[in-house]
2 protein chains.
Amino acid sequence: MDERDKQLTHKRGFGVSTVYETLRNEIIELKLAPGSAIDEQQLSDRFALSRTPIREALVRLAAEGLIMTLTNRATIVSNIDFLRLSEFFDALTLMYRVTTRLAAANHTPDDIEKIRSLQKAFEEAVDRRDVLGMISTNRDFHVAIAQAGRNRYYVELFTRLLDEGRRILRLYYSSFNDVLPRQYVGEHEDMIQAIINRDLLQADALASAHADQIVSQIRSYISADSRQSGDLSL
Amino acid sequence: MDERDKQLTHKRGFGVSTVYETLRNEIIELKLAPGSAIDEQQLSDRFALSRTPIREALVRLAAEGLIMTLTNRATIVSNIDFLRLSEFFDALTLMYRVTTRLAAANHTPDDIEKIRSLQKAFEEAVDRRDVLGMISTNRDFHVAIAQAGRNRYYVELFTRLLDEGRRILRLYYSSFNDVLPRQYVGEHEDMIQAIINRDLLQADALASAHADQIVSQIRSYISADSRQSGDLSL
DNA sequence: GATCACACTTTTGTCGACAAAAAAAATACA
DNA sequence: TGTATTTTTTTTGTCGACAAAAGTGTGATC
């Protein structure tokens with residue numbers, strides 16, 4: 001496939017992680033469609049590696065839930081489970097809250113600097129009307145807040161949820177409008193201020209509202225979309 | 001090593017999962033000491049499998065954080081990080097709360113039956129003064145509650161945290177006394193009742209108190225222990 | 001006696017091959 | 001024509017081998 005991938009992986013031990021990261025990105029960016037089959041042989045050719053390191057990368061992805069591997073049968077990219085979306089939203093909202101709250105409690109000056117620069121990147125993406133950029137810089141912004149909170153369990157789960165969110169948003173990003181992202185920039189600013197002030201309650205409240213905002217936005221995209229497909233199926 | 005392990009894994013595809021589950025248990029039960037090195041060759045002999053399936057099992061364990069694999073160097077059983085214990089307690093407490101709360105909201109009659117039977121198993125372990133049994137049945141009890149809550153993200157994180165807790169408790173289980181386990185039985189009963197009544201606030205409050213109870217118990221064991229080793233280092 | 005360089009051993013990451021299992025294709029039969 | 005059965009092809013799980021790193025031991029040098 002992509003010739004750039006080849007020959008980049010010829011230092012021992014870098015093979016698996018390169019394959020892992022490449023595939024991970026492609027799954028999150030929907031370059032690999034949910035439900036589509038993954039061919040080990042094909043990947044083996046593409047990365048110029050034998051099937052052994054490819055398989056180890058796939059095992060890692062499976063452990064993260066990004067792919068599903070049916071024993072002795074094909075392995076496929078995980079589907080986005082619209083029936084269980086409320087579980088996702090519930091966990092996402094909770095993680096927004098606890099990470100922002102903890103960031104208010106535990107941040108250092110370095111953390112603030114990093115958060116600020118990522119917020120700036122988000123703002124620039126909004127100015128450019130670069131929807132894909134908005135999605136990924138928004139994710140980075142919140143991961144940085146989580147890291148400032150200093151709880152690896154939350155960071156890990158939140159990262160997973162945000163990346164799953166990226167997949168969902170990519171499905172609907174065409175319908176992004178201009179008003180909401182502007183509003184998010186403001187909400188982010190307020191959150192940063194609450195974190196700096198070490199105001200846990202305010203940080204929690206803002207994160208909660210921010211999460212609700214995003215959740216209802218995604219919900220509206222989905223229901224609008226299912227109305228369309230509902231029409232088609234009549 | 002253990003001859004029972006051999007030849008049990010001779011159906012295609014069962015190799016990795018058998019190795020994975022066996023090692024996972026041994027790590028959690030501290031049969032494999034934290035920090036000790038893992039020898040692929042040795043495991044290969046023990047399970048009568050080649051190194052390839054062994055490695056895939058190790059990759060899975062690494063993804064779960066139970067082992068650490070340093071590239072081109074040895075892989076070791078993860079250490080228990082006493083410096084970051086507060087992160088662990090914080091996440092554990094939060095998961096106790098949200099899973100119990102969700103169980104109150106979403107449980108079915110089948111869930112209650114399962115939770116009840118596991119609570120009975122816990123009670124019996126307490127009656128037998130079987131500390132190891134108490135640790136594992138307590139874990140199963142709370143996992144069942146989490147499953148009744150129907151949020152796979154919480155179930156996964158909570159399971160991981162409870163199993164990490166099993167490791168820590170095993171370090172100190174000699175100092176278990178009789179009073180607290182009795183108290184836990186009562187607290188469990190109250191939690192079941194709150195869940196049945198679909199009283200979310202009560203479920204949350206009980207879970208919160210229960211978590212605090214357990215956390216402070218573990219904390220007291222650890223500080224008692226570090227006082228001892230503090231004496232030794234003088 | 002301690003430090004360094006070099007040979008040697010062990011361990012890890014990767015490879016190509018092969019057999020079991022599933023999927024697909026071909027055939028037989030109603 | 002449609003279904004059941006056999007054969008062929010593809011794919012997956014496992015194996016033994018080998019080369020690159022890292023670890024270990026030995027001797028030389030100061």
Side-chain angles (χ1 to χ4, degrees), chain A residues 1 3 5-24 27 32-33 35-79, chain B residues 1 3-24 27 32-33 35-78:
Chain A
M1 293 268 121
E3 290 295 322
D5 295 328
K6 283 192 184 179
Q7 311 300 337
L8 283 173
T9 46
H10 274 9
K11 287 249 182 294
R12 273 172 68 94
F14 279 63
V16 279
S17 43
T18 313
V19 175
Y20 166 77
E21 281 158 26
T22 308
L23 290 183
R24 188 178 144 70
I27 293 171
L32 294 174
S36 64
I38 292 179
D39 187 349
E40 294 177 5
Q41 195 81 287
Q42 197 174 306
L43 292 174
S44 178
D45 296 345
R46 170 174 167 195
F47 290 97
L49 286 167
S50 86
R51 274 178 52 234
T52 313
I54 303 285
R55 284 186 124 254
E56 291 195 5
L58 293 181
V59 170
R60 275 223 256 168
L61 291 167
E64 240 183 295
L66 289 171
I67 65 177
M68 304 219 36
T69 152
L70 321 166
T71 353
N72 282 327
R73 229 174 266 95
T75 81
I76 58 169
V77 179
S78 289
N79 282 305
Chain B
M1 295 264 122
E3 289 294 322
R4 283 171 304 165
D5 294 328
K6 284 192 183 179
Q7 311 302 335
L8 282 173
T9 45
H10 274 10
K11 287 251 182 293
R12 271 173 70 94
F14 280 62
V16 280
S17 42
T18 315
V19 175
Y20 166 77
E21 281 158 26
T22 309
L23 290 183
R24 184 173 148 66
I27 292 171
L32 294 173
S36 64
I38 291 180
D39 186 348
E40 293 178 7
Q41 195 82 286
Q42 197 173 306
L43 292 174
S44 178
D45 296 346
R46 171 175 167 195
F47 290 98
L49 285 167
S50 87
R51 273 177 53 233
T52 312
I54 303 284
R55 282 186 124 252
E56 290 195 5
L58 293 182
V59 171
R60 274 223 257 168
L61 291 167
E64 240 183 295
L66 289 171
I67 65 176
M68 303 217 36
T69 152
L70 322 167
T71 349
N72 282 327
R73 230 175 266 94
T75 81
I76 58 168
V77 179
S78 289

How long is the line joining CZ of Phe47(A) and P of dC15(C), in whole Å? 13 Å

Tell me which residues in residues 56-64 of chain B lie within less than 4.0 Å of DNA chain C, going by non-hydrogen atoms. none

To the nearest Å, give me how far apart CD1 (Ile54(B)) and P (dT11(C)) are. 15 Å

Any protein N or O atoms within reach of nucleotides 20-23 of chain C? Criterion: under 3.5 Å, listing atom names and distances.
unit_1	atom_1	unit_2	atom_2	d
dA20(C)	N3	Arg12(B)	NH2	3.4
dA23(C)	OP1	Arg73(A)	NE	3.2

OP1 or OP2 of dC15(D) less than 4.0 angstrom from a side-chain nitrogen or oxygen of Ser50(B), does that happen here? yes

Please examine the side chains of Leu32(A) and Ile67(A), heavy atoms only from C-beta on, and report whether any two atoms are closer than 4.5 Å. no

Atom CG of Asp45(B) to atom P of dT10(C): distance rounded to whole Å? 14 Å

For a side chain to side chain contact (heavy atoms under 4.5 Å, CB included) check, start with the C-alpha distance between Leu23(B) and Leu58(B), then their side-chain angles and the critical distance, and finish with the verdict. CA-CA 9 Å; Leu23(B) 290 183; Leu58(B) 293 182; 3.9 Å; yes

Using side chain to side chain contact (heavy atoms under 4.5 Å, CB included), reason through Ile38(B) and Thr69(B) one step at a time and then give a plain yes or no. CA-CA 9 Å; Ile38(B) 291 180; Thr69(B) 152; over 6 Å; no

Counterpart residues, side-chain hydrogen bond (donor to acceptor under 3.5 Å, both in side chains), relative to Arg73(B) (two or more places apart): none

Distance-only, no hydrogens or angles: does the Ser44(A) side chain make a donor-acceptor pair with backbone N or O of Leu49(A) under 3.5 Å? yes

Residue list, salt bridge (charged side-chain N to carboxylate O under 4.0 Å, His left out) with Glu56(B), at least two apart or on another chain: Arg55(A)

Non-neighbouring partners of Glu64(B) that pass side-chain hydrogen bond (donor to acceptor under 3.5 Å, both in side chains), sequence neighbours left out: Tyr20(B), Arg24(B)

Mind calculating the distance between CD1 (Ile38(B)) and P (dT12(C)) to the nearest angstrom? 10 Å

Among dT14(C), dT12(D), dT14(D), the nucleotide that comes nearest once only the side chain of Arg51(B) is considered: dT14(C)

In whole angstroms, how far is the P atom of dC15(C) from the CG atom of Leu43(A)? 14 Å

Which residues pass the side chain to side chain contact (heavy atoms under 4.5 Å, CB included) test with Asn72(A), sequence neighbours left out? Arg12(B)

